[in-house]
**Q** 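Quick one: the structure is below, questions incoming.
By convention in this document, chain letters (A, B, ...) are assigned in the order of the sequence lines, proteins followed by strands, and residues within each chain are numbered from 1.
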Amino acid sequence: MAPASVLTPRSEDFPRWYQDVVAKAELADNGPVRGTMVIRPYGYAIWERIQAEIDARIKATGARNAYFPLFIPESYLRREAEHVEGFSPELAVVTYGGGKELEEPVVVRPTSETVINAFFAKWVQSHRDLPLLINQWSNVVRWELRPRILLRTTEFLWQEGHTAHATEEEARRYALRILMDVYREVMVDILAVPVLTGRKTERERFAGATTTWTCEAMMGDAKALQMGTSHELGQNFARAFGIQFQTETGGTAYPWQTSWGSSTRLLGGLIMAHGDDAGLRVPPRVAPVQVAVVLVRDEEGAGQAAAQLVRELAAAGLRVELDDRVDTSYGRRATAWDLKGVPVRVDVGPRELAAGQATLARRVPGTKETVPLRAVSEVVPAALEEAQRDLLAQAESFQRERTAEVSSVPEAAEAGQAGFARLPWASLGPEGEAELATAGVTVRCLVGPDGGLPLPGQDAGTVAVVGRAY
RNA sequence: CGGGAAGUAGCGCAGCUUGGUUAGCGCGCAGCGUUCGGGACGCUGAGGUCGCGGGUUCAAAUCCCGCCUUCCCGACCA
């Protein structure tokens with residue numbers, strides 16, 4: 001791969017490298033107001049693909065999309081005590097409208113449990129109305145004190161799901177289904193980011209939830225990133241908003257609820273999980289451009305050959321782009337495609353054309369090979385599959401190497417600086433957790449004794465995975 | 001929100017200490033020419049409310065005050 005003078009080397013200054021990639025790959029820019037961002041077309045194209053994958057899986061669970069207002073009466077937030085306490089420090093509140101001071105301030109939604117549940121109270125009357133499964137794609141605002149583009153911004157885009165069920169058991173199954181069949185699957189199978197799935201400790205639980213389930217990934221600097229959460233809300237919001245239904249036997253009951261979300265932070269996670277010194281590396285399944293056909297020089301019919309390759313690759317169902325900017329030097333263009341992380345590049349110029357060949361450059365191992373022109377549209381799909389697999393395998397082995405088994409709090413505090421540390425929750429507990437926090441290490445999640453998900457409330461035998469986090 | 005650093009052309013920087021005529025440099029950008037297979041070279045040129053507001057002064061990028069933004073480290077979060 002080319003000498004990466006374009007970017008700050010990842011090993012030299014990871015946060016700076018991250019900024020450089022976001023800028024040079026044309027993913028996003030900072031907005032004029034602190035903590036806001038502009039998502040540029042290339043970044044947004046990746047987001048749209050992530051959205052499509054998540055959206056399809058959400059719909060497969062039976063939920064439907066809807067839209068609720070940006071503005072929420074302040075009084076709604078106050079109805080659930082823990083919820084308002086958790087969110088009040090990060091609220092943006094509008095006190096003026098139409099040139100007049102408002103009688104009741106409205107908050108810009110930090111999340112929509114409150115408005116949505118106010119309507120659930122209207123819509124849920126009978127057990128026949130359940131389950132009620134709603135998702136919305138929207139922006140939300142949480143005033144951030146320390147913003148980081150695409151990872152922690154004051155305004156961000158996300159999806160938030162809200163459901164109501166007749167029984168606790170059903171709500172739990174649904175929350176876990178979202179966790180595993182939507183989030184985990186998209187992260188692992190599509191984004192090629194291995195995640196740990198587990199339960200949050202009391203300390204890390206969502207404000208207003210009874211149980212929070214999470215997907216946690218390890219970034220290239222061995223820090224953790226929470227990439228998606230699914231909450232069991234119990235009957236907390238149902239009681240606060242008066243959501244009740246008539247049961248089959250004629251009684252009244254409060255439904256059991258869930259909520260779950262994933263955001264543009266996934267884009268940040270993608271960069272930090274897969275990027276290298278040459279820039280971004282996009283897994284083929286989310287790549288807006290899977291193959292760039294680069295016309296090196298338009299001589300001796302190379303232009304026609306490149307156009308023909310583009311047609312063939314498109315016909316093979318690939319997302320392909322022709323780069324025929326022959327007035328820009330080859331090196332510059334090659335570097336730009338590397339920066340953008342396009343998985344496969346096919347170079348065509350008079351040189352290989354004379355031999356009936358094309359040059360195939362793979363972003364993931366960073367290698368080049370020559371391929372007969374006739375075989376390109378067969379070789380490329382295989383190369384993309386390999387890239388997808390290799391990215392996941394690399395991230396998995398990195399996470400494995402940077403995960404330590406420890407048995408005491410001091411060991412966990414130390415190992416947690418360099419990656420993940422695993423230790424029995426019994427050896428840690430809330431006191432140990434608080435102690436770790438003073439070293440900047442937090443419990444990312446609790447996993448079950450067999451490596452699977454622990455039960456809500458189950459502490460016995462669980463293993464805590466701790467580390468530094470974004 | 002606390003501690004630190006910084007904001008001068010699209011990007012990276014110098015100039016500021018010690019105020020003074022036309023604010024420079026590298027990259028990028030435009031035109032022309034030579035080149036062309038991993039960020040080519042030459043010539044010519046365009047591009048600036050010196051972050052914003054106020055103050056001091058005959059005179060402010062430079063000194064003073066306030067604010068905004070960015071980055072790093074901490075406390076809170078998708």
**Q** With a 4.0 Å cutoff (strictly under), does any side-chain N or O of Thr229(A) reach OP1 or OP2 of A78(B)?
**A**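 Indeed not, no polar side-chain atom of Thr229(A) lies that close.
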**Q** With sequence neighbours excluded, give me every salt bridge (charged side-chain N to carboxylate O under 4.0 Å, His left out) pair touching residues 76-90 of chain A.
**A**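 Residue pairs passing salt bridge (charged side-chain N to carboxylate O under 4.0 Å, His left out), neighbours aside: Glu74(A)-Arg78(A), Glu82(A)-Arg205(A).
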**Q** According to salt bridge (charged side-chain N to carboxylate O under 4.0 Å, His left out), does anything in residues 54-65 of chain A pair up with another residue at least two apart or in another chain? List the pairs.
**A**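 Non-adjacent pairs meeting salt bridge (charged side-chain N to carboxylate O under 4.0 Å, His left out): Glu53(A)-Arg57(A), Asp55(A)-Lys59(A), Arg57(A)-Glu185(A).
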**Q** By nearest nucleotide on RNA chain B, pick out whichever of Glu204(A) and Tyr330(A) is the more 5' one.
**A**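 Taking each residue's closest nucleotide, the earlier one in sequence belongs to Tyr330(A).
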**Q** Taking only residues two or more places apart in sequence or in another chain, which ones pass ring-ring contact (aromatic ring centres under 6.0 Å, His included) with Trp158(A)?
**A**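 Partners of Trp158(A) by the ring-ring contact (aromatic ring centres under 6.0 Å, His included) criterion, ordered by chain and then number, come out as Phe156(A).
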**Q** So if I take residues 436-443 of chain A and measure heavy-atom distances to RNA chain B, which residues fall below 4.0 Å?
**A**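 When residues 436-443 of chain A is checked for heavy atoms under 4.0 Å from RNA chain B, the hits, listed by number, are Ala437(A).
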**Q** Using purine N1 to pyrimidine N3 plus N6-O4 or O6-N4 for Watson-Crick, or N1-O2 and O6-N3 for G-U wobble, each under 3.5 Å, what pairs with C41(B)?
**A**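 Base partner found: G33(B).
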**Q** Look at the side-chain N and O atoms of Arg333(A) and state whether any lies under 4.0 Å from the OP1 or OP2 oxygen of C36(B).
**A**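 No, Arg333(A) has no side-chain N/O under 4.0 Å of OP1/OP2 on C36(B).
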**Q** Measure from the side-chain heavy atoms of Thr153(A) and tell me the nearest of A40(B), G74(B), A78(B).
**A**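 That would be A78(B).
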**Q** Within the structure shown, what part of the strands sits under 4.0 Å from Leu151(A) by heavy-atom distance: base, sugar-phosphate, or nothing?
**A**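 Base, at least one base atom sits under 4.0 Å.
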**Q** Going by heavy atoms closer than 4.0 Å, what residues in residues 295-303 of chain A are next to RNA chain B?
**A**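 Only Val296(A), Arg297(A) qualify.
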**Q** The criterion is side chain to side chain donor-acceptor pair (under 3.5 Å); which residues satisfy it with Arg34(A), sequence neighbours excluded?
**A**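 If we apply the side chain to side chain donor-acceptor pair (under 3.5 Å) test to Arg34(A), skipping adjacent residues, there are no hits.
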**Q** What donor-acceptor contacts under 3.5 angstrom involve side-chain atoms of residues 225-233 of chain A, with partners at least two apart or in another chain?
**A**
| from | atom 1 | to | atom 2 | distance (Å) |
| --- | --- | --- | --- | --- |
| Gln226(A) | OE1 | Lys200(A) | NZ | 3.1 |
| Thr229(A) | OG1 | His231(A) | NE2 | 3.4 |
| Ser230(A) | OG | Ala175(A) | O | 2.8 |
| His231(A) | ND1 | Thr212(A) | OG1 | 2.8 |
| Glu232(A) | OE1 | Arg172(A) | NE | 3.0 |
| Glu232(A) | OE1 | Arg172(A) | NH2 | 2.9 |
| Glu232(A) | OE2 | Arg172(A) | NE | 3.1 |
| Glu232(A) | OE2 | Trp213(A) | NE1 | 2.9 |

**Q** If the condition is ring-ring contact (aromatic ring centres under 6.0 Å, His included), which residues does Trp17(A) pass it with, not counting sequence neighbours?
**A**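 Testing Trp17(A) for ring-ring contact (aromatic ring centres under 6.0 Å, His included), a comparison that skips the adjacent residues, returns Phe14(A).
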**Q** Can you tell me the Watson-Crick or wobble partner of C58(B), both distances under 3.5 angstrom?
**A**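 Partner of C58(B): G20(B).
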**Q** Between the protein and nucleotides 69-71 of chain B, which nitrogen or oxygen pairs come in under 3.5 angstrom?
**A**
| from | atom 1 | to | atom 2 | distance (Å) |
| --- | --- | --- | --- | --- |
| U69(B) | OP1 | Arg34(A) | N | 3.4 |
| U70(B) | OP1 | Gly35(A) | N | 3.2 |
| U70(B) | OP2 | Arg34(A) | NH1 | 2.7 |
| C71(B) | OP1 | Gln19(A) | NE2 | 3.3 |

**Q** Polar-atom pairs under 3.5 Å, protein N or O versus N or O of nucleotides 41-47 of chain B: list them with distances, or write none.
**A**
none

**Q** Look for any protein N or O under 3.5 Å of an N or O in nucleotides 26-33 of chain B and output each such pair with its distance, or none.
**A**
| from | atom 1 | to | atom 2 | distance (Å) |
| --- | --- | --- | --- | --- |
| G28(B) | OP1 | Arg332(A) | NH2 | 3.4 |

**Q** Could you please name the partner base of G66(B), counting Watson-Crick and G-U wobble pairs only when both distances are under 3.5 Å?
**A**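 By the stated definition (distances under 3.5 Å), C52(B) pairs with G66(B).
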**Q** Mind checking ring-ring contact (aromatic ring centres under 6.0 Å, His included) for Phe87(A) and listing every partner two or more places apart, or none if nothing turns up?
**A**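 Checked Phe87(A) against ring-ring contact (aromatic ring centres under 6.0 Å, His included); matches are His83(A), Phe206(A).
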**Q** For nucleotides A23(B) and G47(B), find the distance between their C1' atoms and express it as a whole number of Å.
**A**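 Approximately 14 Å lies between the C1' atom of A23(B) and that of G47(B).
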